[in-house]
Amino acid sequence: MTNPIIEFLLQRKSPPISQIQEPGPSDGQIDQMIRVATRVPDHGLLEPWRFILYRGEARTTVGEFFARRAGEREGPLNEQRIQQEKTRFTRAPLVIGVISSPKPHERIPEWEQFLSGGNAAFSLVLAAHALGFGANWVSNWYSDDAESRTFLGLSPNERVIGFVHIGTVNAKIPDRPRPEPAKVLSEYSGPFSEA
């Protein structure tokens with residue numbers, strides 16, 4: 001018997017951001033996606049993640065900053081590079097920043113909290129697809145740049161997990177090769193040995 005949830009998961013693909021267009025999700029649909037994204041493993045109930053919406057004119061403001069900041073980091077940019085930076089967040093109607101916001105804890109390390117945020121980002125992607133939207137999760141250079149993180153609304157102790165671009169996709173999404181389970185799965189056979 002076919003399981004529709006498994007079938008859905010087996011069909012998930014990331015559309016190229018260039019194919020993500022209007023319309024984007026409604027406020028109600030965004031609320032649903034965030035509700036799904038927060039139902040992830042969260043040891044200690046720390047909620048070590050949060051979400052930032054970039055939509056409307058905010059996307060243009062962010063793009064102007066990216067063009068200026070990229071020029072500061074790389075030197076003068078040609079027109080093509082300037083346009084690339086200016087349009088990073090305007091290609092999709094909605095970009096949701098998934099932010100790692102770790103909480104101090106004596107037993108739960110920061111790396112484990114970051115993994116919880118990664119689960120939140122992927123659950124957000126799955127929720128967008130379940131609602132009929134395309135979603136693509138990226139990070140890019142500005143995720144590792146302190147000045148960019150501040151401009152994007154992050155505090156000094158926060159890091160970017162990813163930016164999920166969401167909207168309508170009317171084109172066929174290309175797939176990529178996926179590994180066979182036997183290639184990535186093994187039975188435990190004792191401690192690792194290079195021999």
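- Ala135 and Pro15 get closest at one heavy-atom pair: O-CD, 3.3 Å.
- Sorted by first and then second residue, the salt bridge (charged side-chain N to carboxylate O under 4.0 Å, His left out) pairs involving residues 70-81 (not counting sequence neighbours) are Arg68-Glu72, Arg69-Glu72, Arg73-Asp145, Glu74-Arg81, Arg81-Glu85.
- The heavy-atom pair separating Leu77 from Gly71 by the smallest distance is CD1-N, 3.7 Å.
- Checked against the 6.0 Å centroid threshold, Phe89 and Phe66 count as a close aromatic pair.
- Between Arg149 and Ser143, the closest side-chain pair of non-hydrogen atoms is not below 4.5 Å.
- Hydrophobic clustering (ILVMFWY, side-chain heavy atoms < 4.5 Å, transitive): Val95 and Ile166 are in distinct clusters.
- The closest donor-acceptor contact from the side chain of Tyr54 to the backbone of Leu152 lies under 3.5 Å.
- In plain terms, the two heavy atoms of Pro48 and Lys103 that are nearest each other are CA-NZ, 3.9 Å.
- Of the possible polar contacts, none joining the Ser148 side chain to the Asp144 backbone as a donor-acceptor pair under 3.5 Å is found.
- A side-chain hydrogen bond (donor to acceptor under 3.5 Å, both in side chains) check over residues 114-123, counting only residues at least two apart or in different chains, returns the pairs Trp49-Ser116.
- By the criterion of side-chain heavy atoms lying less than 4.5 angstrom apart, applied directly or through intervening Ile, Leu, Val, Met, Phe, Trp or Tyr residues, Phe114 is grouped together with Val125 in one hydrophobic cluster.
- Ile96 contributes atom CD1, which lies 5.5 Å from atom CG of Leu53 (distance to the nearest 0.5 angstrom).
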Donor-acceptor list for residues 34-45 side chains, cut-off 3.5 Å, not counting sequence neighbours:
from	atom 1	to	atom 2	distance (Å)
Arg35	NE	Asp31	OD2	2.8
Thr38	OG1	Ile34	O	3.3
Thr38	OG1	Arg35	O	3.1
Asp42	OD1	Leu46	N	3.1
Asp42	OD1	Glu47	N	3.4
Asp42	OD2	Leu46	N	3.3
Asp42	OD2	Glu47	N	2.9
His43	ND1	Glu112	OE2	2.7

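- Without hydrogens or angle criteria, Asn140 side chain to Tyr142 main chain gives no donor-acceptor distance under 3.5 Å.
- With values rounded to the nearest 0.5 angstrom, Ser26 atom OG is found 7.5 Å from Gln32 atom CD.
- In this structure, Phe51 and Ala120 approach most closely via the heavy-atom pair CZ-CB, 4.1 Å.
- Hydrophobic clustering (ILVMFWY, side-chain heavy atoms < 4.5 Å, transitive): Val169 and Leu94 are in distinct clusters.
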- Query: Where do Phe65 and Glu147 land on the side chain to side chain contact (heavy atoms under 4.5 Å, CB included) test, with the steps shown first?
  - Reply: CA-CA 10 Å; Phe65 170 82; Glu147 189 171 327; 4.2 Å; yes
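- In terms of modelled atom types and a separation under 3.5 Å, the side chain of Thr150 and the main chain of Ala146 share a donor-acceptor contact.
- His165 NE2 to Asn136 CG: the interatomic distance, rounded to the nearest 0.5 Å, is 7.0 Å.
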Exercise answer: donor-acceptor pairs, residues 1-10 side-chain atoms, under 3.5 Å, sequence neighbours excluded:
from	atom 1	to	atom 2	distance (Å)
Asn3	OD1	Ile5	N	2.8
Asn3	OD1	Ile6	N	3.2

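- Of all heavy-atom pairs spanning Pro23 and Pro93, the tightest one is C-CG, 4.1 Å.
- Every pair passing salt bridge (charged side-chain N to carboxylate O under 4.0 Å, His left out) that includes a residue from residues 172-191 is listed here, sequence neighbours excluded: Asp175-Arg178.
- Side-chain heavy atoms closer than 4.5 Å link hydrophobic residues (I, L, V, M, F, W, Y) into clusters, and following such links, even through other members, never connects Leu126 to Ile173.
- The backbone N or O of Phe133 lies less than 3.5 Å from a partner atom in the side chain of His129, making a donor-acceptor pair.
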Check residues 153-164 and write down every donor-acceptor pair under 3.5 Å in which the side-chain atom is one partner and the other belongs to a residue at least two apart or another chain.
from	atom 1	to	atom 2	distance (Å)
Ser155	OG	Asn157	OD1	2.5
Ser155	OG	Glu158	OE1	3.4
Glu158	OE1	Arg50	NE	3.4
Glu158	OE1	Arg50	NH2	2.9
Glu158	OE1	Ser155	N	2.9
Glu158	OE2	Arg50	NE	2.7
Glu158	OE2	Ser101	OG	2.9
Arg159	NH1	Pro156	O	3.0

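- There is a path of hydrophobic side-chain contacts, each under 4.5 Å, that joins Leu124 to Ile30.
- From Gln113, atom CD reaches atom CD of Glu110 across 6.5 Å, with rounding to the nearest 0.5 Å.
- Interatomic distance, CZ of Arg88 versus NZ of Lys86, reported as 14.0 Å (0.5 Å rounding).
- Summarising the local packing, CD of Gln29 is surrounded by more than 12 heavy atoms from other residues, nucleotides or ligands at distances under 6.0 Å.
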